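Both counts, for ligands and for their atoms, begin at 1 and track the order of listing. Being a predicted model, the structure only gives us computed values, none of them experimental.
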Amino acid sequence: MSAPVCRACGSPSTRTRGGKTGNYLRRTFTFHDCDDCGLLFVEPFSGFDVYDDAYYRGEGPDPYVDYETEYRDWRASDRRHELTDLARIATRHLEARADTNRHGEPLRWLDFGCGAGALLKSLRDTGSVAGRRLELAGHDVGSWADRLRSKDGLRILSPAELSALPDGSFDVVSMIEVIEHLPSPAEPVALAARLLRPGGLLLLTTGNLASPVARRAGIGYHYCAPEIHVSLFNPSCLARLYARSGLEPLPVRFDGAVRFKVLKTLRHRRLLRALAEIALRLPPVVAAIDRLYGVSAMPCAVKPRPPA
Ligand SMILES: [Zn+2]
């Protein structure tokens with residue numbers, strides 16, 4: 001069988017890294033490296049059927065997700081650390097760009113891949129970002145999206161509704177741990193680039209396969225879960241993906257997002273989790289973990305303003 005073309009850049013110059021059996025679907029998956037953009041991608045793609053209700057309860061291929069708690073009360077979930085961090089980063093970006101002429105205008109924020117809606121609900125509860133009232137929208141598919149739309153009164157847009165929106169419809173687009181799940185990761189980034197207004201912010205997180213921990217583990221890294229994480233990035237590969245959609249990489253310093261990543265993996269280990277919660281109050285501990293996992297090494301992005 002010939003090597004598959006890269007799922008991010010389309011290059012035919014790819015190499016097989018190795019095989020791995022899924023922990024959930026007991027079959028062998030193959031990991032391929034792209035020589036041109038650095039993407040590590042998985043064949044075959046398992047499809048979206050694994051994202052059923054059991055998945056969202058943490059009983060599927062990812063034992064660390066806890067969407068039930070996030071949906072019920074985001075403040076009670078470990079994810080609160082990440083959610084407040086994202087609002088802080090957006091605030092800092094908007095204030096640094098001195099968007100003062102937009103005071104009084106609502107801040108239009110799309111959460112692409114909104115899952116159980118925790119980010120949308122946390123933003124709705126907070127009410128404003130950088131002093132601007134929020135106008136929120138989300139996108140996802142499946143039963144949670146229906147629930148958020150009908151029971152929680154959130155504006156959840158279908159793929160067709162997103163496609164029909166005019167260019168520049170949002171000031172912020174968030175894409176939190178989304179692109180690693182998608183076999184064509186360039187598509188949502190291109191959509192975000194179109195839907196952002198010039199100067200707008202793409203808040204994107206995904207695992208870093210060039211981090212010290214990931215390099216040491218290779219495809220044995222727990223993040224290389226081939227049933228669900230099929231497009232795996234490193235900082236330069238992500239920057240290239242942005243560039244192809246006309247976005248500029250934006251360095252970001254994550255804090256609460258780092259705390260959340262540690263706490264979620266200790267979800268089923270109560271004592272260790274309690275100790276970690278204390279240790280993570282110390283900024284040097286957060287910084288050390290950030291370096292090990294390369295969280296802040298992964299850039300977000302800005303849509304450049306046209307030259308004056
Ligand atoms: Zn590539």
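In summary, no N, O or S atom of Cys237 is located under 2.8 Å from the Zn ion (ligand 1).
The pair Arg15-Asp35 meets the salt-bridge criterion, since a charged nitrogen lies less than 4.0 angstrom from a carboxylate oxygen. A salt bridge links Arg132 with Asp171: the closest approach of a Lys/Arg side-chain nitrogen to an acidic carboxylate oxygen falls below 4.0 angstrom.
Here the OG1 atom belonging to Thr14 is positioned 4.5 Å from the CZ atom belonging to Phe41, to the nearest 0.5 angstrom.
Angle SG (Cys9) to the Zn ion (ligand 1) to SG (Cys34): 110°, rounded to 10°. The angle subtended at the Zn ion (ligand 1) by SG of Cys37 and SG of Cys6 is 110°, given to the nearest 10°.
Asp36 and Ser13 share no donor-acceptor pair across their side chains, judged by distance under 3.5 Å alone.
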